[in-house]
Amino acid sequence: MGIGRTVLGVALIALVTAGCGGSGSDDNASRPSGTGAPTSGKELPIAITSAEPALLTVKTLLGALPPEPAEDAAFTERVLWKMRKGTVAMAGVPGKTSAACEGGKVSEEPGVTTRCSVTYEGVKVPWSIRFGEPAGDLEPYEINDADQAVLTAKSVYGNFWREYNRVSKHLRCDEVPDIELVAYGQDTGYRCQYVSSVDGEGRWINVPVSVGEHGVVFDNHRQPKTS
């Protein structure tokens, strides 16, 4: 189960994992032969011409984090690590992080919400955790990212190359800030674009950019298609 908008867990038992690397991979399609220079559509300002070496994958995510706390570590310490993991997964590239909860620790009282935050490269991402009513020996809880996510330029450009470089020889994006806090799972207003052949004419196709629990997502979760 992944850290996204809401993560359900059980105290002392739950393991929360998060992947990364965008909504697909560059193995989704092969480069078509008919994507020549575009003749219609407005060109976006940033040319995407190569892979992003810093881009995280499921295998490299843990290397971008401090060691995971042991099972016998304080509950607050383990929760903050999970929040840091979720934040870095959304950001898509390594970054300096720190984390803290109000009052210094998570309240395990049923119905009480503890607000926390993860700072990623100076940008503060709000999180919270709330315990429910105990069920026997178990104490269910949920972690919520407060509908906020980290968007990074390297993740946008790198994932667009990863997913679309075999779709078209011509890739471009809006100029995206190095780091920005955006609404989780919502259209950020930024666009990337590739060239597709329509009736023999090369046209720019714009793709919306959003951020989910595994990082940048393009075109409302649809995978790129060759022309």
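The residues of the chain are indexed from 1 along the displayed sequence.
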Applying salt bridge (Lys or Arg N to Asp or Glu O under 4.0 Å), can you list everything that pairs with R191, at least two apart in sequence or on another chain? D187
Any side-chain heavy atom of V207 within less than 4.5 Å of one from Y164? yes
Once disulfide bond (SG atoms under 2.5 Å apart) is applied, what residue pairs with a partner in residues 143-180 remain, sequence neighbours excluded? C173-C192
How long is the gap from CH2 on W81 to CD on E68, to the nearest 0.5 Å? 4.0 Å
For A91 and S155, work out which heavy atoms get closest and say how close. O-CB, 3.2 Å
Start with the C-alpha distance between V176 and Y157, add both sets of side-chain angles, then the distance that settles side chain to side chain contact (heavy atoms under 4.5 Å, CB included), and finish with yes or no. CA-CA 9 Å; V176 178; Y157 303 155; 3.9 Å; yes
According to the disulfide bond (SG atoms under 2.5 Å apart) rule, which pairs have a member within residues 57-122, sequence neighbours left out? C101-C116
Following the transitive rule for hydrophobic clusters with a side-chain heavy-atom cut-off under 4.5 Å over Ile, Leu, Val, Met, Phe, Trp and Tyr, establish whether I46 and L171 coincide in one cluster. yes
Taking all non-hydrogen atoms of both residues, which atom of V93 and which atom of V88 are closest, and how far apart? O-CG1, 4.1 Å
Between T87 and W127, does the side chain to side chain contact (heavy atoms under 4.5 Å, CB included) criterion hold? Intermediate values first, please. CA-CA 10 Å; T87 300; W127 290 81; 3.1 Å; yes
Closest non-hydrogen atom pair, T113 against S128: CG2-CB, 3.8 Å
Short side-chain to backbone donor-acceptor contact, E213 and M90, under 3.5 Å: no
So that I know where these two stand, are F131 and F75 an aromatic pair - ring centroids less than 6.0 Å apart? yes
Quick one: side-chain contact (heavy atoms from CB on, under 4.5 Å) partners of S98, sequence neighbours excluded? T119
Tell me every residue that passes side-chain contact (heavy atoms from CB on, under 4.5 Å) with R84, counting only those two or more places apart in sequence or in another chain. L65, P66, T97, A99, V118
When rounded to the nearest 0.5 Å, the distance separating OG1 of T114 from CZ of R130 is 11.0 Å
E52 side chain reached by W161 side chain, heavy atoms, under 4.5 Å: no
Can you tell me how far the CD atom of Q148 sits from the CD atom of Q186, to the nearest 0.5 Å? 10.5 Å
Is there side-chain contact between Y190 and P177, with heavy atoms separated by less than 4.5 Å? yes
Applying side chain to side chain contact (heavy atoms under 4.5 Å, CB included), run through Y184 and V211 and close with a yes or a no. CA-CA 6 Å; Y184 177 91; V211 182; 5.7 Å; no
Can you tell if the side chain of I205 reaches within under 4.5 Å of the side chain of V195, non-hydrogen atoms only? no
Taking all non-hydrogen atoms of both residues, which atom of Q193 and which atom of K42 are closest, and how far apart? NE2-O, 3.0 Å
Test item: S197 side-chain N/O and G202 main-chain N/O as donor-acceptor pair under 3.5 Å: no
In terms of heavy-atom contacts, H170 and W204 come closest through O-CZ3, 3.6 Å
Please determine whether ring pair (Phe, Tyr, Trp, His ring centres under 6.0 Å) holds for the pair Y194 and F218, giving the CA-CA distance in whole Å, both sets of side-chain angles, and the decisive distance to 0.1 Å. CA-CA 12 Å; Y194 64 96; F218 299 105; over 10 Å; no
Counterpart residues, side-chain contact (heavy atoms from CB on, under 4.5 Å), relative to A47 (two or more places apart): T49, R172
What distance do I48 atom CD1 and S168 atom OG have between them, rounded to the nearest 0.5 Å? 12.0 Å
Would you say that T57 contacts L61 through its side chain, given a criterion of any heavy-atom pair below 4.5 Å between the two side chains? no
Working to the nearest 0.5 Å, report the span between OG1 of T188 and CG of D174. 8.0 Å
Shortest non-hydrogen contact from P126 toward L181: CD-CD2, 4.3 Å
Closer than 3.5 angstrom, by distance alone: can the side chain of E121 be matched with the main-chain N or O of K96 as a donor-acceptor pair? yes
Quick check: does any side chain N or O of E102 sit under 3.5 Å from a backbone N or O of R115, one acting as donor and the other as acceptor? yes
Nearest 0.5 angstrom please: E180 CD to L151 CG, how far? 6.0 Å
Path from L62 to L56 over hydrophobic side-chain contacts below 4.5 Å: yes
So, does T152 use its side chain to make a donor-acceptor pair with the main chain of I179 at under 3.5 Å? no
Could you tell me whether the side chain of N144 and the main chain of A146 form a donor-acceptor pair under 3.5 Å? yes
